[in-house]
Protein chains: 2
Amino acid sequence: MVDDRHTNLDEVFHALADTTRRAMIARLASGEHTVGELARPFEMSLNAAVKHVKVLERAGLLRRRVQGRAHFCSLDARPLKEAAAFVRAYEGFWSDRLDALDSLLRQTSRPES
Amino acid sequence: MVDDRHTNLDEVFHALADTTRRAMIARLASGEHTVGELARPFEMSLNAAVKHVKVLERAGLLRRRVQGRAHFCSLDARPLKEAAAFVRAYEGFWSDRLDALDSLLRQTSRPES
DNA sequence: CCGATCGTCAACCATCCGGTTTATAATGCG
DNA sequence: CGCATTATAAACCGGATGGTTGACGATCGG
């Protein structure tokens, strides 16, 4: 079964909680890339980048197609669906009221600065 | 300025990468709760729960209204918007093709087991 | 004032994280 | 074959994380 269907949200969000890994995801959105290609843009050792790749892989966000010595990585966004479901459930919650409160506060009181 | 407007995605996603904290968020979606109320459902010390609250607060997802000795916490979902924007950008990416590939593989080749 | 309650702070601890360096395995190429 | 390339593995390190316990501060209620 290729479809993971347990989608550990902890792991998915953890994978997203790093700028390097989010950049890798963005890169993968443009198509397959080898591990080396994924690593190149970053100022870190290949080994460090490999660890990031593995974090993405563990989260189910990255799949690997080994061909010879090259490992071609591609994005699998399916785990993102559950993450998106969670975020969407609360995105926008109270925002309007808080924004209104902000404007109100900025209008009435004019504090330091 | 109440509006943070730098919304550290690292911190936001990190805050989301923990079951306890996601549960707290869900709880907060039902309205204001004190720190103690947020902590009660979990099998951990109050102090441990307080740390989770602080992680949420640092990520800008939780605001605090102190009244007497009670600290009333409320959800601020605004940082989630940027997180949602990222997730949405890649959610669904390649999914259709991968799903199609899955079915195809399961159909044509009938591998081990 | 006294005691209970709510919450914070600080110290401590084990584990994890993100990076390094070094070594090694597997493949492609001349 | 011999060597460069690609990627992994393992050991190590400093700092963050997630939990504990214990002590403290502030507030409410009697």
Side-chain angles (χ1 to χ4, degrees), chain A residues 8-28 31-76 79 83, chain B residues 6-28 31-76 79 83:
Chain A
N8 192 339
L9 266 191
D10 284 21
E11 278 176 358
V12 173
F13 278 127
H14 169 69
L16 295 177
D18 183 287
T19 308
T20 300
R21 289 191 291 265
R22 287 196 305 277
M24 284 181 171
I25 289 178
R27 189 97 193 277
L28 287 171
E32 269 190 346
H33 290 282
T34 67
V35 172
E37 285 168 0
L38 283 179
R40 197 154 308 122
F42 305 105
E43 280 180 355
M44 64 179 74
S45 70
L46 173 65
N47 278 10
V50 164
K51 287 192 183 182
H52 286 296
V53 168
K54 276 197 276 203
V55 170
L56 291 170
E57 195 171 22
R58 232 180 13 190
L61 290 166
L62 183 147
R63 331 211 121 255
R64 208 182 278 253
R65 178 176 66 84
V66 180
Q67 187 175 21
R69 60 184 168 181
H71 294 209
F72 290 93
C73 304
S74 61
L75 181 60
D76 182 351
Chain B
H6 67 303
T7 313
N8 193 339
L9 267 190
D10 284 20
E11 278 176 358
V12 173
F13 279 126
H14 168 69
L16 295 177
D18 183 286
T19 309
T20 300
R21 290 193 289 265
R22 287 196 304 276
M24 285 181 171
I25 289 178
R27 190 97 192 276
L28 287 172
E32 269 190 347
H33 290 281
T34 67
V35 171
E37 284 167 359
L38 284 179
R40 196 155 308 121
F42 305 104
E43 279 181 354
M44 65 177 77
S45 70
L46 172 65
N47 279 6
V50 164
K51 288 192 183 182
H52 286 295
V53 169
K54 276 196 275 205
V55 170
L56 289 170
E57 196 171 21
R58 231 179 15 188
L61 290 166
L62 183 147
R63 333 210 121 253
R64 209 182 276 254
R65 179 176 64 84
V66 180
Q67 187 176 23
R69 60 183 168 179
H71 293 210
F72 290 93
C73 303
S74 61
L75 181 61
D76 182 352

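Each chain gets a letter, A, B and so on, in the order its sequence line appears, and its residues count up from 1.
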A:V55: what forms a side chain to side chain contact (heavy atoms under 4.5 Å, CB included) with it, not counting sequence neighbours? A:H14, A:A15, A:R21, A:R58

Report the residues that fulfil side chain to side chain contact (heavy atoms under 4.5 Å, CB included) with B:T20, sequence neighbours left out, ordered by chain and then residue number. B:D18, B:M24, B:F42, B:M44, B:H52

Over how many whole Å does the gap from [X] atom [atom1] to [N] atom [atom2] extend?
X	N	atom1	atom2	value
A:D10	D:dG18	CG	C1'	13 Å
B:D18	C:dC17	CG	P	12 Å
A:L16	C:dG18	CG	P	12 Å
B:E11	D:dA16	CD	P	12 Å
B:H14	D:dG15	NE2	C1'	13 Å
A:F72	D:dT8	CZ	P	13 Å

Return the minimal non-hydrogen interatomic distance between [X] and [Y], and the atom names on each side.
X	Y	value
B:C73	B:V35	SG-CG2, 3.9 Å
A:G36	A:L46	CA-CD1, 4.4 Å
B:P79	B:L61	CB-CD2, 4.0 Å
A:L16	B:F13	O-CD1, 3.4 Å

Any side-chain heavy-atom pair of A:L38 and A:L62 under 4.5 Å: yes

Any residue meeting side chain to side chain donor-acceptor pair (under 3.5 Å) with [X], in chain and number order, not counting sequence neighbours:
X	answer
B:Q67	B:R65
B:D10	A:T19, A:R22
B:R69	none
B:H33	B:S30, B:E37

Partners meeting salt bridge (charged side-chain N to carboxylate O under 4.0 Å, His left out) with B:R27 (sequence neighbours left out): none

For B:R64, salt bridge (charged side-chain N to carboxylate O under 4.0 Å, His left out) partners two or more places apart: B:E57

Below 4.0 angstrom, which residues in residues 33-43 of chain B have at least one non-hydrogen atom near DNA chain D? none

Identify, between A:L46 and B:H71, the residue whose nearest nucleotide on DNA chain C lies closer to the 5' end. B:H71

Angle between the end axes of the helix from C:dC1-D:dG30 to C:dG30-D:dC1, five pairs per end, to the nearest 10 degrees? 20°

Which protein N or O atoms sit under 3.5 Å from an N or O of nucleotides 22-27 of chain C?
{"from": "C:dT22", "atom 1": "O4", "to": "A:N47", "atom 2": "ND2", "distance (Å)": "2.8"}
{"from": "C:dT27", "atom 1": "O3'", "to": "A:R69", "atom 2": "N", "distance (Å)": "3.4"}
{"from": "C:dT27", "atom 1": "O2", "to": "A:R69", "atom 2": "NH1", "distance (Å)": "3.1"}

Side-chain N or O of B:S45 less than 4.0 angstrom from OP1 or OP2 on D:dG19? no

Residues in contact with DNA chain C, drawn from residues 48-56 of chain A - heavy-atom cutoff 4.0 Å: A:A48, A:K51, A:H52

